[in-house]
Amino acid sequence: QEQLVESGGDTVQPGGSLRLSCAAPGRIFSRYTMAWFRQVPGKEREFVAGIEGSLGTTNYNEAAEGRFTISRDYDAVYLQMNSLKPEDTAVYYCAALWDGSGWTSGAFRFWGRGTQVTVSS
């Protein structure tokens with residue numbers, strides 16, 4: 001099983017920023033389509049942002065558009081989150097190995113264990 005390791009989750013006030021990181025030791029992320037998802041208790045895992053492996057094209061859900069930025073370098077993928085809102089509170093997961101069928105959790109094979117983001121005053 002591929003091991004993806006997320007980090008950077010924290011508790012911040014509304015309007016604050018966080019930068020999440022995802023690493024996979026020994027892997028070259030520039031070749032993979034990667035994505036960030038999030039999940040709150042009782043709800044399905046939700047797509048947040050993705051970056052395609054071939055051209056680096058980025059995709060965002062409506063809630064993330066304009067506030068979040070996904071990026072990557074040689075061995076990590078990042079999610080810069082600005083203007084955070086309480087509704088952004090969730091466990092954020094990194095995902096890899098996309099089958100190309102769509103930006104859904106079922107389209108990704110490898111996952112990290114998640115990092116908690118809490119937005120609260």
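Open room surrounds CD on Glu44; 12 or fewer heavy atoms of other groups in view lie less than 6.0 Å from it.
Within the model, atoms CG of Leu4 and CH2 of Trp111 stand 9.5 Å from one another, a figure rounded to the nearest 0.5 Å. The CG atom of Leu79 sits 10.0 Å away from the CZ atom of Arg19 when rounded to the nearest 0.5 Å. Atom-to-atom distance recorded for Tyr32:OH and Leu97:CG is 7.0 Å, nearest 0.5 angstrom. Between atom CZ of residue Arg67 and atom NZ of residue Lys85 there is a gap of 4.5 Å, rounded to the nearest 0.5 Å. Atoms CD and OG, on Gln80 and Ser71 in that order, are 8.0 Å from each other to the nearest 0.5 Å. Interatomic distance, CZ of Arg38 versus NZ of Lys43, reported as 9.5 Å (0.5 Å rounding).
Using a 4.5 Å heavy-atom threshold, the side chains of Asp88 and Phe68 count as touching. At a threshold of 4.5 Å between non-hydrogen side-chain atoms, the residues Val119 and Gln13 do not count as touching. Side-chain atoms of Thr57 and Ile51, non-hydrogen and from C-beta on, never get closer than 4.5 Å to each other. At least one side-chain heavy atom of Leu18 sits less than 4.5 Å from a side-chain heavy atom of Val117. The shortest distance between side-chain heavy atoms of Ile70 and Trp36 falls below 4.5 Å. In this structure, the side chains of Glu6 and Ser21 stay at 4.5 Å or more apart for every pair of heavy atoms. Counting only heavy atoms from C-beta outward, the side chains of Tyr92 and Met81 approach each other to under 4.5 Å. Between Val40 and Glu46, every side-chain heavy-atom pair lies at or beyond the 4.5 Å cut-off.
When all heavy atoms of Thr33 and Trp98 are compared, the pair lying nearest together is CG2-CE3, 3.3 Å. Nearest heavy atoms, Gln116 versus Ala90: NE2-O, 3.4 Å. Met34 and Ala96 make their closest contact through SD-CB, 3.4 Å (heavy atoms, listed as atom of the first residue, atom of the second, distance).
Side-chain atoms of Thr115 come within 3.5 Å of backbone atoms of Gly9 as a donor-acceptor pair (strictly under, hydrogens ignored). At distances below 3.5 Å, not a single donor-acceptor pair connects side-chain atoms of Asn82 with backbone N or O atoms of Ser17. Of the possible donor and acceptor atoms, none in the side chain of Trp103 sits under 3.5 Å from a partner among the backbone N and O of Ala107.
Residues passing the side-chain contact (heavy atoms from CB on, under 4.5 Å) test with Ser120, sequence neighbours excluded: Thr118. For Gln39, the side-chain contact (heavy atoms from CB on, under 4.5 Å) test picks out Arg45, Tyr93, with sequence neighbours left out.
Taking the six-membered ring where tryptophan is involved, the planes of Phe37 and Phe108 are perpendicular, since the angle between them exceeds 60° and thus also 30°.
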**OP:** Might you work through the side-chain contact (heavy atoms from CB on, under 4.5 Å) test for Cys22 and Val5, ending with a clear yes or no?
**Re:** CA-CA 5 Å; Cys22 173; Val5 181; over 6 Å; no
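Phe110 and Tyr78 fall into different hydrophobic clusters, where Ile, Leu, Val, Met, Phe, Trp and Tyr side chains are chained together by heavy-atom contacts under 4.5 Å.
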